[in-house]
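Order of appearance sets the numbers: ligands from 1, and atoms from 1 within every ligand.
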Amino acid sequence: MKKYLGLDSSTQSLSAVLISVDEVSQKGEICLSESVNFEKDLPSYGTKAGHDLDPKNPSEVWSYPKMWLDALDLLMEKLAQKTDLSQIDAISASGQQHGSVWLNSQKAFENLDAKKSLSQNISSFFSMEKSPIWMDSSTSLECAEITERAGGQGEVLSRTGSVAIERFTGAQIRKIFKQKADIYANTKRIHLVSSFICSVLCGKDAPIDFGDGAGMNMMNVKSFSWDEKMLSSICETSLENKLPHLVPSNSLVGEIAEYFCEKFGFKKGAKVAVSTGDNPSSLVGVGAMLEGNAVISLGTSDTFFASSKTFSPCPQANVFGNPAGGYMSLMCFRNGSLAREKLKNSLGVDWKFFDETAFENYFPKIDENFILPFYFDEICPPLKSSDIVFAGKNEEEYSPSEKIAEFLSAQFMNMRAHAIAMTGGVPKFIALTGGASKSAGIRRLIADVFGAETAKMESENSAALGAAMRAANALDGYSWESLAKMFCKMGEVEMPRKDFAKVYEMKTPLFEKCVSKIYGL
Ligand code: XUL
């Protein structure tokens with residue numbers, strides 16, 4: 001029996017999924033899931049849902065790498081209480097994409113002292129205590145500058161798989177380069193969240209994989225190497241020597257650091273596979289790395305993604321490396337679960353009402369009454385917003401249940417409109433994952449809005465599961481097909497209701513027009 005541990009350092013929490021594979025029967029089992037919530041379990045950092053911002057300037061969003069280290073100690077402690085970590089053969093991780101960790105040394109992870117905590121060992125090496133994360137949308141100016149310096153949008157897109165994007169690491173690096181020259185100069189290593197966690201696990205500076213590296217506007221997605229033209233468009237001075245090197249997503253990059261053996265009982269020599277971004281890892285965790293199924297992940301951000309064998313860039317989408325080889329295309333919607341939570345709290349209703357009651361007597365109508373569902377700056381489409389907007393009918397004319405149904409319908413019509421731009425059509429089948437996929441109301445709504453069959457993945461934490469599966473693939477060469485068969489089980493299926501789907505099909509272009517008009521797009 002072999003055991004593999006997968007971690008996911010996401011926006012709101014650090015989670016673990018432990019899997020086992022019986023080599024003889026080729027049967028797999030998810031043995032244990034565990035999680036540390038940043039806001040609840042580490043309140044001293046004062047984050048809300050794992051991030052922080054200044055209300056006077058809400059487009060700048062950050063988190064604390066020190067908090068991620070404390071979370072890792074806490075998670076390992078919890079795991080060690082529940083299972084024998086010496087049985088684990090390999091470990092890998094995934095992380096929220098695009099966020100960066102700035103360090104004043106490339107040796108920050110060496111000689112970790114087990115008598116101290118991880119944050120006591122590593123904190124003095126941070127050249128910046130705050131990490132800009134994917135929710136940051138403050139770098140429009142830097143994106144415009146990078147685009148111009150690189151020779152235009154088409155050039156950036158064909159080199160990196162995405163046009164210059166505010167949340168991507170390149171624009172964030174340029175902003176710090178321009179505004180905090182001393183920090184930039186003092187920084188010897190810039191890690192992604194994923195490669196930072198990987199470095200801690202193996203006690204040495206770890207590389208970045210092709211999956212997450214593509215989320216920086218810095219990696220050439222055809223040669224899978226740092227793109228010189230992009231690096232020089234981001235910074236006038238040399239950037240490459242501050243970056244880890246790039247490796248394929250199935251690389252073994254080291255052995256678990258002595259720190260984890262002494263403190264939590266890992267066996268010496270357990271292997272560490274390179275980390276990747278949470279979305280590429282989820283692609284694996286839902287088993288869509290080969291088949292090309294469309295996937296919707298309903299988390300802090302909602303994402304719509306699918307694997308593709310060939311590189312087919314599109315300005316509205318982002319192309320990342322697929323951990324199984326080839327590519328994946330993705331669209332990210334910032335107004336995901338936090339926006340749903342905000343509406344729920346503003347109405348003072350419980351989840352049962354939000355998920356079920358609100359939809360009981362709801363039937364969509366072809367009209368131009370919309371709730372534009374953007375509590376925060378949105379990524380898809382790119383717009384600035386700090387509250388929802390009632391277009392057509394006034395707010396007072398909506399009952400609480402109508403408000404919920406119309407708000408959620410709008411979220412998924414927005415996704416449908418963009419998905420068509422990305423894939424050239426509406427998928428016939430969509431796999432659903434992430435916390436909000438638990439909601440039967442939301443699952444049915446997605447089936448209706450897309451006019452597609454949907455199925456919920458049994459495991460909600462597809463990113464951490466994907467990390468464990470990647471560890472199994474990297475160490476023991478289990479094929480993606482066999483791993484998917486063992487671990488990616490589909491749960492509840494929803495079929496679209498034809499009359500609902502017809503209305504949404506006709507209503508989505510009206511919704512798009514309304515968004516363009518209100519936000520001047
Ligand atoms: C994807 C994106 C988010 C983060 C956080 O481009 O920005 O999905 O990875 O989960």
With atoms numbered from 1 as shown, which atoms in ligand 1 lie under 4.0 angstrom from a non-hydrogen atom of Asp278? 4 (C), 5 (C), 9 (O), 10 (O)
Donor-acceptor check, side chain of Asn217 to backbone of Ile165, threshold 3.5 angstrom: yes or no? yes
For the aromatic rings, using the six-membered ring if either is Trp, is the centroid distance between Tyr519 and Phe374 under 6.0 Å? yes
Show which atoms of ligand 1 fall inside a sub-4.0 Å distance from at least one heavy-atom site of Leu330. 1 (C), 6 (O)
For Arg334, is there any backbone N or O sitting under 3.5 Å from a side-chain donor or acceptor partner on Glu378? yes
Distance to 0.1 Å, residue and atom name: give those for the protein heavy atom nearest to atom 3 (C) of ligand 1. Ser301 OG, 3.5 Å
Of the protein's non-hydrogen atoms, which lies at the shortest distance from atom 2 (C) of ligand 1, and what is that distance? Cys332 SG, 3.4 Å
How about Arg443 and Thr454: does a side-chain donor come under 3.5 Å of a side-chain acceptor? no
Trp134, any N or O under 3.5 Å of ligand 1 N or O: no
Closest to atom 7 (O) of ligand 1 among Arg167, Met331, Gln97, Arg334 (heavy-atom distance): Arg167
Give the residue, atom name and distance (to 0.1 Å) of the protein heavy atom nearest atom 6 (O) of ligand 1. His98 NE2, 2.6 Å
Residues that Ser439 engages under side-chain hydrogen bond (donor to acceptor under 3.5 Å, both in side chains), provided they are two or more places apart: Asp355
Would you please say whether a donor-acceptor pair under 3.5 Å links the side chains of Asp70 and Ser119? yes
min-distance protein heavy atom vs atom 1 (C) of ligand 1 -> Asn279 ND2, 3.2 Å
Looking at the rings of Phe109 and His191, which for Trp means the six-membered one, are their centres under 6.0 Å apart? yes
Quick check on contacts: which atoms of ligand 1 are under 4.0 angstrom from a heavy atom of Thr303? 8 (O)
